Chemist: 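Please see the structure below; I have some questions.
Since this is a predicted model, take the numbers as computed values, not measurements.
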Amino acid sequence: MAKNQMRAARGVTAAVVLIVMGQQAVAADLSQAPSVPQPAASVTEAPSPWQIRLRALGVVTEDSGYVKAVPGSDLSYSNTVTPELDISYFFTDNIAAELILGTTYANIGGQGAIGALGNVGKVWLLPPTLTLQYHFTNFGALNPYVGAGVNYTIFYNQHAGSADALKVNNTFGTALQVGFDYMVDQHWGVNVDVKKLFLKPDFDVTVDGAKQTGKAELDPWLIGAGVTYRF
């Protein structure tokens, strides 16, 4: 009986020793195992390709034009300030397309040989302009750009003044552009923009029952400042 107890005690002791040694081996393997990389704390999202701007826009026209049948005739146009919205889409960090939307009016005055007519009439114009831009991206928060594009101007709500009738015809034009955004953060910025439209619509005018044709050489400067939002 005593021998059996001694054998049992030895067996239990051996089992305990094996268990302890096994636990130490597992702990050593775990300590030598390569660490699993942890995910980055934050990931900066790529900006959306869409951007909008809201500007206050000064429209400064060239005072030039003529009535074809009246030598020495000239025209002048009023300058205005109007709100403008534009929508941009970035194909790459450097290349973007911009659609410019806004509307304003112009009072048309006679000059030179037709100066006695005074205010010939008033027209409203809607000049949507599409430009292709190149953005310079190596100036940090400052993002200057240049652009060129096409314009189609619609003249509406036309009213004659001293003339009997006035009709300015819708026309295509071209545009050049330069400006910059200064980004305050990833989404918001301030914008300054200058565009030159080359815009010379034909017109029909009737004065004292005589119908005449001519060309209004508007060629306005569009000088704007406002805010930018990048989605």
Chemist: Considering all heavy atoms of both residues, which atom of Gly110 and which atom of Val120 are nearest to each other, and what is their separation?
Modeler: N-CG2, 3.7 Å
Chemist: Can you tell if the side chain of Asp202 reaches within under 4.5 Å of the side chain of Thr171, non-hydrogen atoms only?
Modeler: no
Chemist: Of all residues at least two apart in sequence or in a different chain, which pass the ring pair (Phe, Tyr, Trp, His ring centres under 6.0 Å) check with Tyr66?
Modeler: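 None.
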Chemist: Can you measure from CD1 (Ile100) to CD1 (Ile87) and round to the nearest 0.5 angstrom?
Modeler: 11.0 Å
Chemist: What closest approach, in Å, do Ala113 and Ser73 show between heavy atoms, and which atom pair accounts for it?
Modeler: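 Residues Ala113 and Ser73, closest heavy atoms: CB-N, 3.9 Å.
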Chemist: So, Ser78 side chain and Asn107 main chain: donor-acceptor pair closer than 3.5 Å or not?
Modeler: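 Checking the backbone N and O of Asn107 against the side chain of Ser78, a donor-acceptor pair under 3.5 Å is found.
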Chemist: State, without any angle test, whether Asn151 and Thr153 hold a side-chain donor-acceptor pair at a distance under 3.5 Å.
Modeler: yes
Chemist: Can you tell if the side chain of Asn169 reaches within under 4.5 Å of the side chain of Pro201, non-hydrogen atoms only?
Modeler: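 Side-chain contact under 4.5 Å: no.
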Chemist: Partners of Asp86 by salt bridge (charged side-chain N to carboxylate O under 4.0 Å, His left out), sequence neighbours excluded?
Modeler: Arg53, Arg55
Chemist: Does Asp193 form a side chain to side chain contact (heavy atoms under 4.5 Å, CB included) with Tyr145? I'd like the steps, not just the answer.
Modeler: CA-CA 9 Å; Asp193 183 272; Tyr145 58 86; 2.6 Å; yes
Chemist: Which atom names give the shortest non-hydrogen contact between Ala163 and Val207, and what distance separates them?
Modeler: CB-CG2, 4.1 Å
Chemist: Output yes when a side-chain donor or acceptor of Asp63 lies under 3.5 Å from a complementary backbone atom of Tyr77, and no otherwise.
Modeler: yes
Chemist: Mind checking the OH-CG spacing from Tyr182 to Asn191? Nearest 0.5 Å is all I need.
Modeler: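 Tyr182 atom OH to Asn191 atom CG measures 14.5 Å (nearest 0.5 Å).
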Chemist: Given the rule that I, L, V, M, F, W and Y join up when any side-chain heavy atoms are under 4.5 Å apart, are Leu197 and Ile108 in one cluster?
Modeler: no
Chemist: Do Phe155 and Trp124 have ring centroids that are under 6.0 Å from one another?
Modeler: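 For Trp124 and Phe155, the ring centres are not under 6.0 Å apart.
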Chemist: Which ILVMFWY residues are connected to Phe90, directly or by a chain of links, through side-chain heavy atoms under 4.5 Å apart?
Modeler: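 None; Phe90 is a cluster of one.
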Chemist: Enter the distance from Gln133:CD to Asn143:CG here, rounded to the nearest 0.5 Å.
Modeler: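 If we round to the nearest 0.5 Å, Gln133:CD and Asn143:CG are 9.0 Å apart.
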Chemist: Walk me through it: do Gln158 and Val168 pass the test side chain to side chain contact (heavy atoms under 4.5 Å, CB included)?
Modeler: CA-CA 8 Å; Gln158 304 190 45; Val168 183; 3.5 Å; yes
Chemist: Without swapping roles, check the side chain of Asp219 against the backbone of Lys196 for a donor-acceptor pair under 3.5 Å.
Modeler: no
Chemist: Identify the residue among Glu217, Lys200, Lys215 that makes a side chain to side chain donor-acceptor pair (under 3.5 Å) with Ser64.
Modeler: Glu217
Chemist: Would you call Glu98 and Lys195 a salt bridge, taking side-chain N to carboxylate O under 4.0 Å as the test?
Modeler: no
Chemist: Would Thr61 and Thr80 count as a side chain to side chain contact (heavy atoms under 4.5 Å, CB included) if you check the C-alpha gap in whole Å, the side-chain angles of each, and the deciding distance to 0.1 Å?
Modeler: CA-CA 9 Å; Thr61 59; Thr80 57; over 6 Å; no
Chemist: Verify, without hydrogens or angle tests, whether Thr228 (side chain) and Asp181 (backbone) share a donor-acceptor contact under 3.5 angstrom.
Modeler: no
Chemist: Membership question, hydrophobic clusters at under 4.5 Å side-chain separation (ILVMFWY): are Trp50 and Ile52 in the same one?
Modeler: yes
Chemist: Tell me whether Asp164 at atom CG has more than 12 heavy atoms from other residues, nucleotides or ligands lying less than 6.0 Å away.
Modeler: yes
Chemist: Are Tyr89 and Val146 connected into the same hydrophobic cluster when the rule is that any two of I, L, V, M, F, W, Y join if their side-chain heavy atoms are below 4.5 Å apart?
Modeler: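 Yes: a chain of side-chain contacts under 4.5 Å links Val146 to Tyr89.
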Chemist: Check whether more than 12 heavy atoms from other residues, nucleotides or ligands sit under 6.0 Å from atom CG of Asp208, and answer yes or no.
Modeler: no
Chemist: Could you pull out the closest heavy-atom pair between Leu117 and Ser162, with the gap in Å?
Modeler: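 Reported closest heavy-atom pair: O-OG, 2.6 Å.
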Chemist: How close do Pro127 and Gly102 get, heavy atom to heavy atom, and via which atoms?
Modeler: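 The answer is CD-O, 3.0 Å.
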Chemist: Rounded to the nearest 0.5 Å, what's the gap from CD1 on Ile154 to OH on Tyr152? Could you check?
Modeler: 6.0 Å
Chemist: To the nearest 0.5 Å, what is the distance between CG (Asp204) and CD (Gln212)?
Modeler: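 With rounding to 0.5 Å, CG (Asp204) is 10.0 Å from CD (Gln212).
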Chemist: Start with the C-alpha gap between Val123 and Leu166, add the side-chain angles, then the distance that decides, and say whether side chain to side chain contact (heavy atoms under 4.5 Å, CB included) holds.
Modeler: CA-CA 9 Å; Val123 299; Leu166 176 66; 4.1 Å; yes
Chemist: Taking all atoms of both residues into account, what is the closest heavy-atom pair of Ala97 and Phe91, and its distance?
Modeler: CB-CE1, 3.8 Å
Chemist: Judged by modelled atom types alone, do Thr137 and Asp93 share a side-chain donor-acceptor pair under 3.5 Å?
Modeler: no
Chemist: If two hydrophobic side chains count as joined below 4.5 Å and joins carry through other members, does Val227 share a cluster with Val192?
Modeler: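 Cluster IDs for Val227 and Val192 differ.
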Chemist: Taking transitive links into account, so neighbours of neighbours count too, which hydrophobic residues share a cluster with Val184 at under 4.5 Å side-chain distance?
Modeler: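 Hydrophobic cluster check, Val184: no partners found.
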Chemist: Okay, side chain of Thr131, backbone of Ala148: is any donor-acceptor separation there less than 3.5 Å?
Modeler: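 It does not hold such a pair.
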Chemist: List in chain and number order the residues that pass ring pair (Phe, Tyr, Trp, His ring centres under 6.0 Å) with Tyr229, two or more places apart in sequence or in another chain; answer none if no residue qualifies.
Modeler: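 Tyr229 satisfies ring pair (Phe, Tyr, Trp, His ring centres under 6.0 Å) with His187, Trp188, Phe231 once adjacent residues are dropped.
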Chemist: Could you measure the distance from the CG atom of Leu99 to the CG atom of Leu85? Nearest 0.5 Å is fine.
Modeler: 8.5 Å
Chemist: Under 4.5 Å between side-chain heavy atoms, hopping through other hydrophobics if needed: is there a path connecting Leu199 to Val150?
Modeler: no
Chemist: Are the side chains of Leu75 and Phe203 in contact, using a 4.5 Å heavy-atom criterion?
Modeler: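 A side-chain contact exists here, since the closest heavy-atom pair is under 4.5 Å.
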Chemist: Not counting sequence neighbours, which residues clear ring pair (Phe, Tyr, Trp, His ring centres under 6.0 Å) with Phe198? List them please.
Modeler: none
